[in-house]
Amino acid sequence: MAFTASVPPLFYPKLPHSQFTSHQIKKSLTRSTSSFGTPNSSSISTSPSVHFKHNSIPAAPLISSHNLSIIKVGVQRDDYLGGEEAKPFVSESTNQEVFAWSSLILPFLFPALGGLLFGYDIGATSGATISIQSPELSGTAWFNLSAIQLGLVVSGSLYGALLGSILVFPIADFLGRKRELIVASMLYVFGGLLTAYAPGLGFLLAGRLLYGLGIGLAMHGAPLYIAETCPSQIRGTLVSLKELFIVLGILLGYFVGSLAINVVGGWRYMFGLSVPAALVMSLGMWILPPSPRWLLLRAVQGKASLQDYKEKAIAALSKLRGRPAGDKLSERQIEETLLSLKSANIDQESEGSFLEVFQGPSLKAFIIGGGLVLFQQITGQPSVLYYAGPILQTAGFSAASDATRVSVVIGLFKLLMTGIAVLKVDNLGRRPLLIGGVSGIAVSLFLLSAYYKVLGGYPFVAVAALLLYVGCYQISFGPISWLMVSEIFPLQTRGRGISLAVLANFGSNAIVTFAFSPLKELLGAGNLFLIFGAIALLSLLFVLSLVPETKGLSLEEIEAKILK
(Lines give C-alpha, C1' and ligand atoms only; values in the text may rest on other atoms or scores of the structure.)
Protein backbone atom coordinates (compact mmCIF):
# COMPACT_ATOMS: atom_id res chain seq x y z
CA MET A 1 0.00 0.00 0.00
CA ALA A 2 1.49 3.36 -1.04
CA PHE A 3 0.50 6.82 0.02
CA THR A 4 0.41 9.97 -2.04
CA ALA A 5 -1.04 13.44 -2.03
CA SER A 6 -1.84 15.31 -5.17
CA VAL A 7 -0.81 18.95 -5.51
CA PRO A 8 -3.04 20.95 -7.85
CA PRO A 9 -2.15 23.83 -10.15
CA LEU A 10 -1.54 27.38 -9.09
CA PHE A 11 -4.14 28.89 -11.38
CA TYR A 12 -7.36 27.74 -12.96
CA PRO A 13 -6.74 27.32 -16.66
CA LYS A 14 -9.41 29.14 -18.65
CA LEU A 15 -9.84 26.95 -21.68
CA PRO A 16 -11.55 28.07 -24.88
CA HIS A 17 -15.32 27.66 -24.67
CA SER A 18 -15.43 26.78 -28.32
CA GLN A 19 -13.85 23.43 -27.50
CA PHE A 20 -15.51 22.54 -24.23
CA THR A 21 -18.61 23.36 -22.27
CA SER A 22 -18.26 25.14 -18.96
CA HIS A 23 -19.53 22.00 -17.25
CA GLN A 24 -16.73 19.92 -18.78
CA ILE A 25 -14.10 22.46 -17.83
CA LYS A 26 -15.41 22.77 -14.30
CA LYS A 27 -15.51 19.01 -13.89
CA SER A 28 -11.94 18.61 -15.10
CA LEU A 29 -10.63 21.31 -12.80
CA THR A 30 -12.69 20.67 -9.69
CA ARG A 31 -9.75 19.40 -7.71
CA SER A 32 -7.54 22.47 -8.25
CA THR A 33 -7.31 24.00 -4.78
CA SER A 34 -3.73 24.65 -3.73
CA SER A 35 -1.13 27.35 -4.25
CA PHE A 36 1.70 25.54 -5.98
CA GLY A 37 1.27 22.08 -7.38
CA THR A 38 0.85 19.50 -10.07
CA PRO A 39 -2.36 18.23 -11.57
CA ASN A 40 -4.31 15.48 -9.89
CA SER A 41 -3.35 11.91 -10.34
CA SER A 42 -6.44 11.29 -12.39
CA SER A 43 -5.67 12.55 -15.85
CA ILE A 44 -6.75 15.99 -17.03
CA SER A 45 -7.26 15.81 -20.74
CA THR A 46 -9.21 18.94 -21.53
CA SER A 47 -6.86 19.68 -24.43
CA PRO A 48 -3.77 18.12 -26.00
CA SER A 49 -1.58 20.65 -24.19
CA VAL A 50 -3.07 19.83 -20.76
CA HIS A 51 -2.65 16.07 -20.61
CA PHE A 52 -0.89 14.25 -17.83
CA LYS A 53 -0.37 10.56 -17.18
CA HIS A 54 -1.83 9.00 -14.08
CA ASN A 55 1.43 8.27 -12.35
CA SER A 56 3.85 10.69 -13.97
CA ILE A 57 4.96 11.60 -10.44
CA PRO A 58 5.43 8.50 -8.29
CA ALA A 59 4.03 8.47 -4.79
CA ALA A 60 7.08 7.23 -2.94
CA PRO A 61 9.47 10.14 -3.48
CA LEU A 62 6.92 12.56 -2.03
CA ILE A 63 7.09 10.86 1.36
CA SER A 64 10.70 9.94 1.87
CA SER A 65 13.30 10.15 4.57
CA HIS A 66 14.04 13.72 3.47
CA ASN A 67 12.11 15.06 6.41
CA LEU A 68 10.10 13.07 8.90
CA SER A 69 8.17 16.19 9.80
CA ILE A 70 6.73 16.44 6.30
CA ILE A 71 3.07 17.32 6.28
CA LYS A 72 0.87 14.84 4.47
CA VAL A 73 -2.41 16.52 3.60
CA GLY A 74 -5.06 14.72 1.64
CA VAL A 75 -3.54 11.26 1.89
CA GLN A 76 -5.54 8.35 0.51
CA ARG A 77 -4.94 4.67 -0.13
CA ASP A 78 -3.97 3.55 -3.59
CA ASP A 79 -6.43 1.03 -4.98
CA TYR A 80 -5.18 -1.82 -7.11
CA LEU A 81 -7.54 -3.25 -9.69
CA GLY A 82 -6.73 -6.64 -11.15
CA GLY A 83 -2.98 -6.22 -10.92
CA GLU A 84 -3.03 -2.91 -12.83
CA GLU A 85 -0.65 -0.11 -12.01
CA ALA A 86 -1.66 1.76 -8.87
CA LYS A 87 -3.88 4.78 -9.55
CA PRO A 88 -4.02 6.98 -6.47
CA PHE A 89 -7.35 8.54 -5.61
CA VAL A 90 -7.51 11.94 -3.95
CA SER A 91 -10.85 13.43 -2.98
CA GLU A 92 -11.71 17.05 -3.62
CA SER A 93 -11.81 17.92 0.05
CA THR A 94 -8.35 16.55 0.77
CA ASN A 95 -6.47 17.69 -2.32
CA GLN A 96 -3.79 19.98 -0.90
CA GLU A 97 -0.07 20.45 -1.18
CA VAL A 98 2.46 18.24 0.57
CA PHE A 99 5.19 20.30 2.25
CA ALA A 100 7.78 20.20 5.02
CA TRP A 101 7.52 22.80 7.75
CA SER A 102 11.30 23.11 7.84
CA SER A 103 11.29 24.47 4.28
CA LEU A 104 8.87 27.27 5.22
CA ILE A 105 10.81 28.79 8.11
CA LEU A 106 13.24 31.06 6.28
CA PRO A 107 10.85 32.22 3.50
CA PHE A 108 8.55 33.37 6.29
CA LEU A 109 11.07 34.58 8.87
CA PHE A 110 13.07 37.10 6.85
CA PRO A 111 10.07 38.95 5.34
CA ALA A 112 8.36 38.88 8.75
CA LEU A 113 11.35 40.71 10.25
CA GLY A 114 10.08 43.73 8.30
CA GLY A 115 6.93 43.62 10.43
CA LEU A 116 8.90 43.06 13.63
CA LEU A 117 10.99 46.18 12.91
CA PHE A 118 7.79 48.17 12.31
CA GLY A 119 6.44 47.06 15.67
CA TYR A 120 9.78 47.68 17.37
CA ASP A 121 9.69 51.31 16.25
CA ILE A 122 6.25 51.77 17.82
CA GLY A 123 7.41 50.31 21.14
CA ALA A 124 10.81 51.99 21.22
CA THR A 125 9.37 55.42 20.42
CA SER A 126 7.15 55.17 23.49
CA GLY A 127 10.19 55.10 25.79
CA ALA A 128 12.39 57.30 23.61
CA THR A 129 10.02 60.27 23.84
CA ILE A 130 10.38 60.17 27.64
CA SER A 131 14.16 59.82 27.49
CA ILE A 132 14.81 62.49 24.88
CA GLN A 133 12.92 65.18 26.83
CA SER A 134 14.61 64.56 30.15
CA PRO A 135 17.19 67.22 31.16
CA GLU A 136 19.16 64.57 33.10
CA LEU A 137 18.83 61.61 30.72
CA SER A 138 18.64 63.12 27.25
CA GLY A 139 22.38 63.66 26.88
CA THR A 140 21.68 66.55 24.50
CA ALA A 141 21.48 70.34 24.69
CA TRP A 142 18.28 70.36 22.63
CA PHE A 143 16.12 68.25 24.95
CA ASN A 144 13.57 71.02 25.50
CA LEU A 145 11.36 70.11 22.53
CA SER A 146 8.21 71.97 21.69
CA ALA A 147 4.94 70.10 21.26
CA ILE A 148 5.28 70.35 17.48
CA GLN A 149 8.89 69.11 17.53
CA LEU A 150 7.98 66.19 19.76
CA GLY A 151 5.05 65.40 17.50
CA LEU A 152 7.39 65.30 14.51
CA VAL A 153 9.76 62.94 16.35
CA VAL A 154 6.92 60.59 17.27
CA SER A 155 5.19 60.67 13.89
CA GLY A 156 8.28 60.94 11.68
CA SER A 157 8.38 57.24 10.86
CA LEU A 158 4.61 57.21 10.29
CA TYR A 159 4.84 59.93 7.66
CA GLY A 160 7.87 58.20 6.18
CA ALA A 161 5.76 55.05 5.87
CA LEU A 162 3.01 57.08 4.21
CA LEU A 163 5.53 58.49 1.73
CA GLY A 164 7.03 55.04 1.17
CA SER A 165 3.65 53.55 0.32
CA ILE A 166 3.15 56.33 -2.24
CA LEU A 167 6.59 55.89 -3.81
CA VAL A 168 6.30 52.11 -4.06
CA PHE A 169 2.99 52.24 -5.93
CA PRO A 170 4.42 52.76 -9.46
CA ILE A 171 7.51 50.57 -8.97
CA ALA A 172 6.29 47.63 -6.88
CA ASP A 173 5.73 45.24 -9.80
CA PHE A 174 9.01 46.28 -11.41
CA LEU A 175 11.06 45.74 -8.24
CA GLY A 176 9.42 42.47 -7.27
CA ARG A 177 8.82 41.28 -3.72
CA LYS A 178 12.41 40.24 -2.96
CA ARG A 179 14.14 43.44 -4.08
CA GLU A 180 11.47 45.55 -2.42
CA LEU A 181 12.19 43.89 0.93
CA ILE A 182 15.96 44.25 0.45
CA VAL A 183 15.51 47.99 -0.17
CA ALA A 184 13.24 48.19 2.89
CA SER A 185 15.85 46.50 5.08
CA MET A 186 18.58 48.91 3.96
CA LEU A 187 16.30 51.88 4.71
CA TYR A 188 15.80 50.38 8.16
CA VAL A 189 19.59 50.16 8.61
CA PHE A 190 20.40 53.70 7.48
CA GLY A 191 17.39 55.18 9.25
CA GLY A 192 18.22 53.42 12.51
CA LEU A 193 21.89 54.46 12.39
CA LEU A 194 21.12 58.08 11.58
CA THR A 195 18.54 58.24 14.35
CA ALA A 196 20.83 56.66 16.94
CA TYR A 197 23.81 58.94 16.18
CA ALA A 198 21.83 62.11 15.40
CA PRO A 199 23.85 65.18 16.53
CA GLY A 200 20.78 67.40 16.31
CA LEU A 201 17.03 67.44 15.86
CA GLY A 202 17.23 67.79 12.08
CA PHE A 203 19.31 64.61 11.73
CA LEU A 204 16.96 62.81 14.12
CA LEU A 205 13.93 63.73 12.02
CA ALA A 206 15.74 62.69 8.80
CA GLY A 207 16.53 59.32 10.36
CA ARG A 208 12.92 58.86 11.43
CA LEU A 209 11.77 59.63 7.89
CA LEU A 210 14.23 57.14 6.35
CA TYR A 211 13.17 54.44 8.79
CA GLY A 212 9.54 55.14 7.94
CA LEU A 213 10.26 54.72 4.23
CA GLY A 214 11.48 51.23 5.11
CA ILE A 215 8.25 50.56 6.98
CA GLY A 216 6.18 51.59 3.95
CA LEU A 217 8.06 49.20 1.65
CA ALA A 218 8.21 46.35 4.16
CA MET A 219 4.51 46.45 4.99
CA HIS A 220 3.80 46.21 1.28
CA GLY A 221 6.34 43.57 0.29
CA ALA A 222 6.22 41.20 3.28
CA PRO A 223 2.59 40.04 3.06
CA LEU A 224 2.95 39.74 -0.72
CA TYR A 225 6.05 37.56 -0.55
CA ILE A 226 4.65 35.32 2.19
CA ALA A 227 1.24 34.90 0.52
CA GLU A 228 2.75 34.15 -2.90
CA THR A 229 5.27 31.56 -1.75
CA CYS A 230 3.50 29.52 0.93
CA PRO A 231 1.05 26.60 0.47
CA SER A 232 -2.56 27.80 0.40
CA GLN A 233 -3.72 25.64 3.32
CA ILE A 234 -1.45 27.55 5.75
CA ARG A 235 -1.43 30.94 4.04
CA GLY A 236 -3.75 32.42 6.66
CA THR A 237 -1.58 31.14 9.48
CA LEU A 238 1.66 32.51 8.06
CA VAL A 239 0.37 35.93 6.99
CA SER A 240 -1.32 36.30 10.37
CA LEU A 241 1.89 35.19 12.05
CA LYS A 242 3.50 38.26 10.50
CA GLU A 243 1.10 40.33 12.60
CA LEU A 244 2.35 38.38 15.61
CA PHE A 245 5.85 39.55 14.68
CA ILE A 246 4.64 43.16 14.64
CA VAL A 247 3.23 42.74 18.14
CA LEU A 248 6.42 40.96 19.22
CA GLY A 249 8.35 43.95 17.89
CA ILE A 250 6.17 46.32 19.92
CA LEU A 251 6.84 44.23 23.01
CA LEU A 252 10.59 44.19 22.36
CA GLY A 253 10.55 47.97 21.89
CA TYR A 254 8.70 48.41 25.18
CA PHE A 255 11.13 46.05 26.90
CA VAL A 256 14.24 47.82 25.58
CA GLY A 257 12.69 51.13 26.60
CA SER A 258 12.11 49.89 30.14
CA LEU A 259 15.77 48.75 30.39
CA ALA A 260 17.32 51.89 28.91
CA ILE A 261 14.96 54.48 30.39
CA ASN A 262 17.42 55.45 33.16
CA VAL A 263 20.52 55.48 30.94
CA VAL A 264 21.89 58.82 29.79
CA GLY A 265 21.17 59.00 26.05
CA GLY A 266 19.05 55.89 26.38
CA TRP A 267 16.86 56.96 23.45
CA ARG A 268 19.85 56.35 21.16
CA TYR A 269 20.01 52.72 22.26
CA MET A 270 16.25 52.35 21.89
CA PHE A 271 16.33 53.49 18.28
CA GLY A 272 19.72 52.00 17.37
CA LEU A 273 19.02 48.43 18.44
CA SER A 274 16.81 48.02 15.38
CA VAL A 275 19.91 47.94 13.15
CA PRO A 276 21.13 44.35 13.86
CA ALA A 277 17.70 42.89 13.05
CA ALA A 278 17.56 44.99 9.87
CA LEU A 279 20.94 43.62 8.78
CA VAL A 280 19.72 40.06 9.37
CA MET A 281 16.63 40.82 7.28
CA SER A 282 18.79 42.23 4.46
CA LEU A 283 21.10 39.21 4.35
CA GLY A 284 18.18 36.81 4.62
CA MET A 285 16.24 38.34 1.76
CA TRP A 286 19.42 38.30 -0.33
CA ILE A 287 19.68 34.51 -0.08
CA LEU A 288 15.95 33.84 -0.60
CA PRO A 289 14.69 33.34 -4.17
CA PRO A 290 12.22 35.73 -5.79
CA SER A 291 8.53 34.85 -5.79
CA PRO A 292 7.87 32.26 -8.54
CA ARG A 293 4.46 33.85 -9.16
CA TRP A 294 6.07 37.22 -9.79
CA LEU A 295 8.66 35.71 -12.14
CA LEU A 296 6.01 34.00 -14.24
CA LEU A 297 3.80 37.06 -14.27
CA ARG A 298 6.65 39.20 -15.61
CA ALA A 299 7.34 36.62 -18.29
CA VAL A 300 3.71 36.32 -19.39
CA GLN A 301 3.38 40.10 -19.49
CA GLY A 302 6.31 40.24 -21.89
CA LYS A 303 8.58 42.04 -19.44
CA ALA A 304 11.23 39.31 -19.48
CA SER A 305 12.37 36.26 -21.41
CA LEU A 306 9.75 33.53 -21.06
CA GLN A 307 12.19 30.62 -21.08
CA ASP A 308 14.70 32.34 -18.80
CA TYR A 309 12.12 33.34 -16.21
CA LYS A 310 10.42 29.96 -16.36
CA GLU A 311 13.72 28.31 -15.46
CA LYS A 312 14.21 30.86 -12.68
CA ALA A 313 10.72 30.13 -11.37
CA ILE A 314 11.43 26.38 -11.30
CA ALA A 315 14.68 26.99 -9.41
CA ALA A 316 12.93 29.39 -7.02
CA LEU A 317 10.10 26.95 -6.22
CA SER A 318 12.57 24.09 -5.72
CA LYS A 319 14.53 26.21 -3.25
CA LEU A 320 11.41 27.39 -1.42
CA ARG A 321 10.16 23.83 -0.93
CA GLY A 322 13.56 22.41 -0.01
CA ARG A 323 13.76 20.18 -3.07
CA PRO A 324 16.72 19.43 -5.34
CA ALA A 325 17.37 22.13 -7.92
CA GLY A 326 15.17 21.75 -10.98
CA ASP A 327 13.29 18.70 -9.65
CA LYS A 328 10.51 17.27 -11.76
CA LEU A 329 7.77 18.10 -9.27
CA SER A 330 8.64 21.82 -9.25
CA GLU A 331 9.00 21.77 -13.04
CA ARG A 332 5.54 20.25 -13.44
CA GLN A 333 4.04 22.80 -11.05
CA ILE A 334 5.60 25.73 -12.88
CA GLU A 335 4.56 24.36 -16.29
CA GLU A 336 0.97 24.11 -15.12
CA THR A 337 1.13 27.59 -13.59
CA LEU A 338 2.51 29.02 -16.81
CA LEU A 339 -0.22 27.34 -18.85
CA SER A 340 -2.81 28.77 -16.49
CA LEU A 341 -1.38 32.27 -16.76
CA LYS A 342 -1.35 32.13 -20.55
CA SER A 343 -4.95 30.92 -20.53
CA ALA A 344 -6.07 33.66 -18.12
CA ASN A 345 -6.02 36.33 -20.84
CA ILE A 346 -3.75 38.59 -18.81
CA ASP A 347 -2.81 41.66 -20.84
CA GLN A 348 0.67 41.07 -22.22
CA GLU A 349 1.45 44.78 -22.22
CA SER A 350 0.04 45.89 -18.86
CA GLU A 351 1.19 45.42 -15.30
CA GLY A 352 -2.08 46.74 -13.95
CA SER A 353 -2.37 50.52 -14.23
CA PHE A 354 -3.64 52.91 -11.59
CA LEU A 355 -7.09 52.99 -13.17
CA GLU A 356 -7.29 49.20 -13.41
CA VAL A 357 -7.23 48.99 -9.61
CA PHE A 358 -10.59 50.80 -9.67
CA GLN A 359 -12.19 48.59 -12.30
CA GLY A 360 -13.98 45.25 -12.25
CA PRO A 361 -12.65 42.59 -9.87
CA SER A 362 -9.82 44.87 -8.70
CA LEU A 363 -12.30 47.50 -7.54
CA LYS A 364 -14.23 44.91 -5.55
CA ALA A 365 -10.94 43.72 -4.01
CA PHE A 366 -9.93 47.28 -3.14
CA ILE A 367 -13.28 47.97 -1.47
CA ILE A 368 -12.82 44.86 0.68
CA GLY A 369 -9.11 45.22 1.47
CA GLY A 370 -9.03 49.01 1.65
CA GLY A 371 -12.17 49.06 3.77
CA LEU A 372 -10.68 46.65 6.30
CA VAL A 373 -7.43 48.58 6.78
CA LEU A 374 -9.39 51.86 6.96
CA PHE A 375 -11.74 50.57 9.67
CA GLN A 376 -8.70 49.08 11.40
CA GLN A 377 -7.59 52.63 12.18
CA ILE A 378 -10.74 54.75 12.41
CA THR A 379 -12.27 52.52 15.08
CA GLY A 380 -9.77 54.24 17.37
CA GLN A 381 -6.96 51.70 17.60
CA PRO A 382 -4.13 54.27 17.90
CA SER A 383 -6.18 56.40 20.31
CA VAL A 384 -7.25 53.59 22.65
CA LEU A 385 -3.69 52.35 23.04
CA TYR A 386 -2.43 55.90 23.46
CA TYR A 387 -4.95 56.37 26.28
CA ALA A 388 -4.14 53.06 27.97
CA GLY A 389 -1.86 54.61 30.61
CA PRO A 390 -4.35 57.15 31.98
CA ILE A 391 -7.13 54.55 31.93
CA LEU A 392 -5.08 52.13 34.01
CA GLN A 393 -4.02 54.91 36.38
CA THR A 394 -7.63 55.82 37.09
CA ALA A 395 -8.29 52.13 37.69
CA GLY A 396 -5.72 52.11 40.50
CA PHE A 397 -3.00 50.01 38.88
CA SER A 398 0.21 51.02 40.64
CA ALA A 399 2.26 49.87 37.64
CA ALA A 400 0.56 52.54 35.58
CA SER A 401 2.77 55.15 37.22
CA ASP A 402 5.59 53.77 35.14
CA ALA A 403 4.54 54.09 31.49
CA THR A 404 7.18 51.72 30.20
CA ARG A 405 6.13 48.90 32.54
CA VAL A 406 2.46 49.34 31.70
CA SER A 407 3.38 49.18 28.03
CA VAL A 408 5.12 45.84 28.56
CA VAL A 409 1.99 44.43 30.21
CA ILE A 410 -0.20 45.61 27.33
CA GLY A 411 2.33 44.25 24.81
CA LEU A 412 2.29 40.82 26.45
CA PHE A 413 -1.50 40.68 26.31
CA LYS A 414 -1.50 41.78 22.67
CA LEU A 415 1.04 39.06 21.88
CA LEU A 416 -1.07 36.40 23.60
CA MET A 417 -4.25 37.33 21.74
CA THR A 418 -2.47 37.56 18.40
CA GLY A 419 -1.13 34.05 18.98
CA ILE A 420 -4.69 32.82 19.43
CA ALA A 421 -5.68 34.42 16.13
CA VAL A 422 -2.74 32.81 14.34
CA LEU A 423 -3.69 29.37 15.64
CA LYS A 424 -7.36 29.71 14.70
CA VAL A 425 -7.43 31.70 11.45
CA ASP A 426 -7.10 28.66 9.16
CA ASN A 427 -9.48 26.56 11.26
CA LEU A 428 -12.29 28.98 12.08
CA GLY A 429 -11.83 31.16 9.01
CA ARG A 430 -11.49 34.90 8.48
CA ARG A 431 -15.13 35.98 8.77
CA PRO A 432 -15.94 34.38 12.17
CA LEU A 433 -12.88 35.98 13.77
CA LEU A 434 -13.64 39.34 12.18
CA ILE A 435 -17.31 39.27 13.19
CA GLY A 436 -16.59 38.20 16.76
CA GLY A 437 -13.63 40.53 17.19
CA VAL A 438 -15.27 43.64 15.72
CA SER A 439 -18.37 43.02 17.84
CA GLY A 440 -16.13 42.94 20.91
CA ILE A 441 -14.40 46.16 19.81
CA ALA A 442 -17.77 47.94 19.61
CA VAL A 443 -18.78 46.70 23.08
CA SER A 444 -15.45 47.78 24.57
CA LEU A 445 -15.69 51.29 23.09
CA PHE A 446 -19.22 51.76 24.44
CA LEU A 447 -17.98 50.56 27.84
CA LEU A 448 -15.15 53.11 27.75
CA SER A 449 -17.64 55.83 26.87
CA ALA A 450 -19.92 54.76 29.72
CA TYR A 451 -16.95 54.75 32.11
CA TYR A 452 -16.09 58.36 31.34
CA LYS A 453 -19.74 59.46 31.34
CA VAL A 454 -21.47 57.65 34.20
CA LEU A 455 -19.38 54.78 35.58
CA GLY A 456 -16.34 56.64 36.83
CA GLY A 457 -16.74 55.07 40.25
CA TYR A 458 -16.23 51.58 38.84
CA PRO A 459 -12.61 51.47 37.62
CA PHE A 460 -12.79 47.77 36.79
CA VAL A 461 -15.08 48.76 33.89
CA ALA A 462 -12.25 50.76 32.33
CA VAL A 463 -9.76 47.94 32.80
CA ALA A 464 -12.14 45.34 31.38
CA ALA A 465 -12.99 47.59 28.43
CA LEU A 466 -9.34 48.27 27.65
CA LEU A 467 -8.35 44.61 27.74
CA LEU A 468 -11.45 43.63 25.75
CA TYR A 469 -10.54 46.16 23.07
CA VAL A 470 -6.92 45.03 22.83
CA GLY A 471 -7.88 41.35 22.78
CA CYS A 472 -10.66 41.71 20.21
CA TYR A 473 -8.53 43.91 17.96
CA GLN A 474 -5.72 41.34 17.97
CA ILE A 475 -8.00 38.49 16.87
CA SER A 476 -9.73 40.51 14.16
CA PHE A 477 -8.57 43.75 12.54
CA GLY A 478 -4.96 43.33 13.66
CA PRO A 479 -3.90 40.21 11.74
CA ILE A 480 -6.85 39.52 9.45
CA SER A 481 -6.99 42.89 7.70
CA TRP A 482 -3.48 42.41 6.33
CA LEU A 483 -4.17 38.77 5.56
CA MET A 484 -7.20 39.69 3.47
CA VAL A 485 -5.26 42.48 1.73
CA SER A 486 -2.50 40.04 0.77
CA GLU A 487 -4.87 37.50 -0.78
CA ILE A 488 -7.87 39.39 -2.15
CA PHE A 489 -6.39 41.32 -5.11
CA PRO A 490 -6.22 39.74 -8.59
CA LEU A 491 -2.70 38.81 -9.67
CA GLN A 492 -2.49 41.47 -12.37
CA THR A 493 -3.15 44.38 -9.99
CA ARG A 494 -1.97 42.79 -6.73
CA GLY A 495 1.16 44.90 -6.32
CA ARG A 496 -0.56 48.22 -7.02
CA GLY A 497 -3.69 47.30 -5.11
CA ILE A 498 -1.76 46.46 -1.95
CA SER A 499 0.19 49.72 -2.37
CA LEU A 500 -3.10 51.64 -2.23
CA ALA A 501 -4.29 49.62 0.77
CA VAL A 502 -1.05 50.36 2.64
CA LEU A 503 -1.44 54.01 1.72
CA ALA A 504 -5.01 54.04 3.06
CA ASN A 505 -3.84 52.39 6.27
CA PHE A 506 -1.00 54.78 7.06
CA GLY A 507 -3.01 57.80 5.93
CA SER A 508 -5.94 56.99 8.22
CA ASN A 509 -3.49 56.12 11.02
CA ALA A 510 -1.91 59.58 10.74
CA ILE A 511 -5.30 61.31 10.72
CA VAL A 512 -6.61 59.44 13.77
CA THR A 513 -3.36 59.92 15.68
CA PHE A 514 -3.28 63.68 15.18
CA ALA A 515 -7.03 64.23 15.51
CA PHE A 516 -7.37 62.43 18.84
CA SER A 517 -5.98 65.13 21.13
CA PRO A 518 -7.97 68.11 19.76
CA LEU A 519 -11.13 66.00 19.47
CA LYS A 520 -10.74 64.84 23.07
CA GLU A 521 -10.50 68.44 24.23
CA LEU A 522 -13.44 69.51 22.07
CA LEU A 523 -15.84 66.63 22.69
CA GLY A 524 -14.57 64.95 25.85
CA ALA A 525 -13.24 61.38 26.14
CA GLY A 526 -16.71 59.89 26.72
CA ASN A 527 -18.20 61.35 23.55
CA LEU A 528 -15.11 60.53 21.50
CA PHE A 529 -15.22 56.86 22.48
CA LEU A 530 -18.96 56.88 21.73
CA ILE A 531 -18.18 58.04 18.18
CA PHE A 532 -15.52 55.34 17.85
CA GLY A 533 -18.12 52.78 19.00
CA ALA A 534 -20.57 53.92 16.33
CA ILE A 535 -17.84 53.59 13.70
CA ALA A 536 -17.14 50.07 15.00
CA LEU A 537 -20.80 49.17 14.40
CA LEU A 538 -20.47 50.46 10.83
CA SER A 539 -17.37 48.33 10.38
CA LEU A 540 -19.26 45.28 11.64
CA LEU A 541 -21.97 45.94 9.05
CA PHE A 542 -19.23 46.25 6.42
CA VAL A 543 -17.77 42.87 7.38
CA LEU A 544 -21.16 41.15 7.44
CA SER A 545 -22.21 42.49 4.04
CA LEU A 546 -19.03 42.65 1.95
CA VAL A 547 -16.13 40.62 3.37
CA PRO A 548 -15.99 37.05 1.96
CA GLU A 549 -14.53 33.91 3.49
CA THR A 550 -11.23 32.96 1.83
CA LYS A 551 -10.18 30.10 4.09
CA GLY A 552 -8.63 27.21 2.16
CA LEU A 553 -8.89 28.89 -1.25
CA SER A 554 -5.87 29.41 -3.47
CA LEU A 555 -5.16 32.96 -4.60
CA GLU A 556 -6.46 32.06 -8.04
CA GLU A 557 -9.66 30.52 -6.65
CA ILE A 558 -10.30 33.73 -4.73
CA GLU A 559 -10.04 35.67 -7.98
CA ALA A 560 -12.19 33.20 -9.92
CA LYS A 561 -14.92 32.51 -7.35
CA ILE A 562 -15.18 35.67 -5.23
CA LEU A 563 -14.18 38.60 -7.42
CA LYS A 564 -15.95 37.62 -10.64
Side-chain angles (χ1 to χ4, degrees), residues 114-115 118-119 122 155 157-173 180 184 212-224 227 239-240 242-243 246 352-385 430 434 437-438 441 473 476-490 492-516 531-532 535-536 538-543 545-548 550 563:
F118 172 37
I122 296 172
S155 62
S157 62
L158 180 61
Y159 279 96
L162 186 62
L163 179 60
S165 62
I166 294 173
L167 294 177
V168 79
F169 180 82
I171 62 173
D173 287 330
E180 183 179 352
L213 287 172
I215 292 174
L217 268 66
M219 293 305 293
H220 175 271
L224 265 177
V239 177
S240 299
K242 182 189 68 66
E243 173 69 18
I246 295 176
S353 69
F354 177 85
L355 292 179
E356 283 181 295
V357 178
F358 300 99
Q359 298 172 359
S362 295
L363 175 59
K364 184 176 181 180
F366 180 70
I367 291 173
I368 295 169
L372 284 173
V373 296
L374 178 65
F375 280 118
Q376 183 189 56
Q377 300 301 323
I378 64 175
T379 49
Q381 186 263 152
S383 305
V384 171
L385 295 182
R430 286 64 159 152
L434 275 173
V438 175
I441 287 174
Y473 177 85
S476 58
F477 278 144
I480 296 178
S481 294
W482 289 111
L483 168 59
M484 294 292 292
V485 165
S486 71
E487 61 187 11
I488 198 67
F489 284 98
Q492 187 179 359
T493 57
R494 187 168 296 152
R496 295 174 183 269
I498 293 181
S499 296
L500 285 176
V502 172
L503 179 62
N505 180 266
F506 285 119
S508 57
N509 190 330
I511 292 172
V512 172
T513 300
F514 280 95
F516 177 75
I531 293 173
F532 283 144
I535 296 174
L538 288 177
S539 68
L540 178 60
L541 181 62
F542 172 82
V543 171
S545 59
L546 292 177
V547 178
T550 58
L563 299 179

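- In this structure, F375 and F542 have tilted ring planes: the angle between them lies in the 30° to 60° band.
- Closest approach of F506 and I215 over heavy atoms only: CZ-CG2, 3.6 Å.
- L162 is listed as a side-chain neighbour of L503, based on a closest heavy-atom distance under 4.5 Å.
- A distance of 8.0 Å separates CD1 in I480 from CZ in R430, rounded to the nearest 0.5 Å.
- Residues I171 and L167 fail the side-chain proximity criterion, which asks for heavy atoms closer than 4.5 Å.
- Inter-residue side-chain proximity for I441 and S476 is flagged as met; some heavy-atom pair is nearer than 4.5 Å.
- Using modelled atom types, no side-chain atom of S481 and backbone atom of G478 make a donor-acceptor pair closer than 3.5 Å.
- For the pair M484/P548, a side-chain contact is recorded, criterion being any heavy-atom separation below 4.5 Å from C-beta on.
- With hydrogens and angles ignored, the 3.5 Å screen pairs a side-chain donor or acceptor of Q376 with a backbone N or O of F477.
- Taking all atoms of both residues into account, the shortest heavy-atom contact from G370 to V373 is O-CG2, 3.3 Å.
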Applying side chain to side chain contact (heavy atoms under 4.5 Å, CB included), run through L372 and V543 and close with a yes or a no. CA-CA 8 Å; L372 284 173; V543 171; 4.2 Å; yes
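- Considering every non-hydrogen atom in both A365 and P490, the closest pair reads CB-CD, 4.0 Å.
- Rounded to the nearest 0.5 angstrom, I488 CD1 and L483 CG are separated by 10.0 Å.
- Interatomic distance, L158 CG to L163 CG, rounded to the nearest 0.5 Å: 11.5 Å.
- Residue V485 comes nearest to A501 through the heavy atom pair CG1-CB, 3.9 Å, listed as atom of the first residue, atom of the second, then distance.
- Nearest heavy atom pair, residue Y473 against residue P479, reads O-CD, 4.0 Å.
- For the pair S539 and V438, the tightest heavy-atom approach, listed with the atom from each and the gap, is OG-CG1, 3.2 Å.
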